[in-house]
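Here the structure comes first, spelled out in structure tokens, and everything after it is commentary.
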Amino acid sequence: GVVSPDPYDRGSTYHKSSEVAKPNHYRVTLDKYNVDVELSALSRTGMLKFIFQGDETPSISISPNSDEGYGFVYIDVENQLVWGYNPAHRIYQGWGEEAGFSGYFAMVFSEPFTGYGTWNDGQVQQNGVEVKGDSTQVGAYVTFENAQEIIVKVGTSFTGMEGALLNLRSEMPDWDFGAIKEASAESWNKVLNKIKVKGDNDNTELFYTALYHSYLLPRVFNDVDGKYVGFAEDGNIYQSDHDYYVDFSMWDSYPDHCSS
């Protein structure tokens with residue numbers, strides 16, 4: 001349908017009865033659009049499945065999550081690829097200053113998109129292929145013809161767009177959503193089954209929810225080939241022979257881990 005650059009206007013209500021939330025899988029129905037959405041993820045990649053139930057032309061919006069409004073999106077029409085980045089900014093000493101690296105993403109679709117465009121500060125540019133924020137909120141959209149089910153694969157990286165594509169092709173070479181769900185469940189079960197507890201369902205659920213929260217951070221920072229970017233003023237690319245972890249929690253660990 002009509003693409004809105006306003007995130008509040010673009011948002012949708014949903015009923016809790018349609019929601020499924022598990023470590024390896026999330027599902028919900030967006031009432032405003034009559035669209036069923038599912039997502040699953042691996043270490044550096046995500047897969048989303050959209051099932052469009054209505055009669056309007058399906059469209060998917062991409063909005064970089066840039067806290068300071070300096071996100072970038074590029075639509076590669078020829079290769080049916082959307083990629084972009086979010087410059088990271090400090091939330092520690094030097095609050096708001098550039099952290100010296102960006103989060104990159106690359107997206108591909110199971111069906112060819114036939115329409116596209118961008119927006120910047122609320123202004124939509126039909127057929128626009130590139131947009132960069134200047135303390136403004138930016139985004140892009142793609143539309144599809146004759147497609148009721150669309151799967152989206154997203155690769156992420158902190159080294160660059162090439163790293164995001166490498167991670168995408170390595171972790172998700174196929175379009176099998178069920179296989180990704182199963183692989184993600186296997187990874188989480190391997191971690192959560194390290195501790196066995198006995199008790200009633202409520203207490204068991206509370207314990208494993210807290211254990212799940214405790215594994216959200218730290219997180220893997222390097223690409224599948226071991227490359228990772230330096231922090232702050234560094235900007236160099238380094239090579240590791242093992243997974244390199246970042247985002248070690250220094251405060252609020254107890255309530256984060258124990259809240260359900």
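Linking Ile, Leu, Val, Met, Phe, Trp and Tyr residues whenever their side-chain heavy atoms come within less than 4.5 Å places Tyr238 and Val246 in a single cluster. Under the 4.5 Å side-chain contact rule for hydrophobic residues, Tyr104 and Leu165 share a cluster. By the rule that hydrophobic residues join a cluster once side-chain heavy atoms approach within less than 4.5 Å of another member, Trp119 and Ile60 end up as members of separate clusters. Under a hydrophobic clustering in which Ile, Leu, Val, Met, Phe, Trp and Tyr are joined whenever their side-chain heavy atoms come within less than 4.5 Å, directly or via other members, Val20 and Tyr14 fall into different clusters. Note: the hydrophobic cluster containing Val82 also contains Met172 (ILVMFWY, side chain heavy atoms under 4.5 Å, direct or indirect links).
Once rounded to the nearest 0.5 Å, the distance linking CD of Gln137 with CG of Asp121 reads 9.0 Å. To the nearest 0.5 Å, the span separating OG on Ser157 from CH2 on Trp83 amounts to 12.0 Å. Annotation: the span from Ile195 atom CD1 to Phe207 atom CZ amounts to 4.5 Å, rounded to 0.5 Å. To the nearest 0.5 Å, atom OG1 of residue Thr29 and atom CG of residue Asn34 are 7.5 Å apart. Atom-to-atom distance recorded for Arg27:CZ and Ser18:OG is 6.5 Å, nearest 0.5 angstrom. Rounding to the nearest 0.5 Å places NZ of Lys153 at 9.5 Å from CZ of Arg169.
Panel note: side chain Ser12, backbone Asp31; a donor-acceptor pair is recorded below 3.5 Å. Formation of a donor-acceptor pair under 3.5 Å by the His242 side chain with backbone atoms of Ser240 is not found in this model. Side chain of Arg44 to backbone of Asn222: a donor-acceptor contact under 3.5 angstrom is found. Listed for the Asp243 side chain is no donor-acceptor partner under 3.5 Å among the backbone atoms of Val220. Remark: side-chain polar atoms of Ser214 are paired, donor with acceptor, to backbone N or O of Leu211 under 3.5 angstrom.
Pro87 approaches Ser102 most closely through the heavy-atom pair CA-OG, 3.3 Å. Closest approach of Thr118 and Ile75 over heavy atoms only: CG2-CD1, 4.3 Å. Closest non-hydrogen pair, Phe105 versus Val73, comes out as CZ-CG2, 4.4 Å. Of all heavy-atom pairs spanning Ser184 and Pro23, the tightest one is OG-O, 4.4 Å. Nearest heavy atom pair, residue Asn120 against residue Lys132, reads ND2-O, 3.6 Å. Between Asn193 and Lys196, the shortest heavy-atom distance links the atoms OD1-NZ, 3.6 Å.
Taking the six-membered ring where tryptophan is involved, the planes of Tyr74 and Phe72 are essentially parallel, since the angle between them stays under 30° and well short of 60°. Ring orientation note: the planes of Trp188 and Tyr215 are nearly perpendicular, at an angle over 60° on the 30°/60° scale.
The residue from Gln53, Glu149, Lys49 that alone fulfils the side-chain contact (heavy atoms from CB on, under 4.5 Å) condition with Asp36 is Gln53.
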Inset, instruction - Show your working on side-chain contact (heavy atoms from CB on, under 4.5 Å) between Gln148 and Ile51 and close with a plain yes or no. - result: CA-CA 6 Å; Gln148 286 189 315; Ile51 299 178; 5.6 Å; no
Inset, instruction - Please lay out, stage by stage, how Ile62 and Met107 fare under the test side-chain contact (heavy atoms from CB on, under 4.5 Å). - result: CA-CA 10 Å; Ile62 303 101; Met107 308 173 62; 3.7 Å; yes
Inset, instruction - Output, in order, the C-alpha distance, side-chain angles, deciding distance and verdict of side chain to side chain donor-acceptor pair (under 3.5 Å) for Thr159 and Asp223. - result: CA-CA 8 Å; Thr159 64; Asp223 295 334; 2.6 Å; yes
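Looking at heavy atoms from C-beta onward, Thr156 lies out of side-chain contact with Asn167 at the 4.5 angstrom threshold. Taking the side chain as every heavy atom from C-beta outward, Val3 and Val124 never approach each other to under 4.5 Å. At a threshold of 4.5 Å between non-hydrogen side-chain atoms, the residues Lys32 and Asp9 count as touching. Looking at Val108 and Gln80, their side chains never come closer than 4.5 Å, going by heavy atoms from C-beta outward. Inter-residue side-chain proximity for Thr143 and Tyr116 is flagged as unmet; no heavy-atom pair is nearer than 4.5 Å. Put simply, the side chain of Val224 reaches to within 4.5 Å of the side chain of Leu166, judged on heavy atoms. Looking only at side-chain heavy atoms (C-beta outward), Val35 and Phe52 come within less than 4.5 Å of each other. Between Glu171 and Leu168 there is no side-chain heavy-atom pair separated by less than 4.5 Å.
Crowding of Gln123 atom CD: a count of heavy atoms from other residues, nucleotides or ligands under 6.0 Å not exceeding 12. Environment of CG in Asp200: crowded, with over 12 heavy atoms of neighbouring residues, nucleotides or ligands closer than 6.0 Å. At most 12 non-hydrogen atoms from other residues, nucleotides or ligands lie less than 6.0 angstrom from CD of Glu182. Taking a 6.0 Å sphere around CD of Gln239, one finds it holds more than 12 heavy atoms contributed by other residues, nucleotides or ligands.
Not counting sequence neighbours, Arg10 has no partner by the salt bridge (charged side-chain N to carboxylate O under 4.0 Å, His left out) test. Residues satisfying the salt bridge (charged side-chain N to carboxylate O under 4.0 Å, His left out) test with Lys181, not counting sequence neighbours, are none.
The ring-ring contact (aromatic ring centres under 6.0 Å, His included) contacts involving residues 127-185 comprise Phe101-Phe158, Phe109-Phe144, Phe158-Phe221, where partners must be two or more places apart or lie in separate chains.
If you check the side chains of Tyr70 and Ser135, you find a donor sitting under 3.5 Å from an acceptor.
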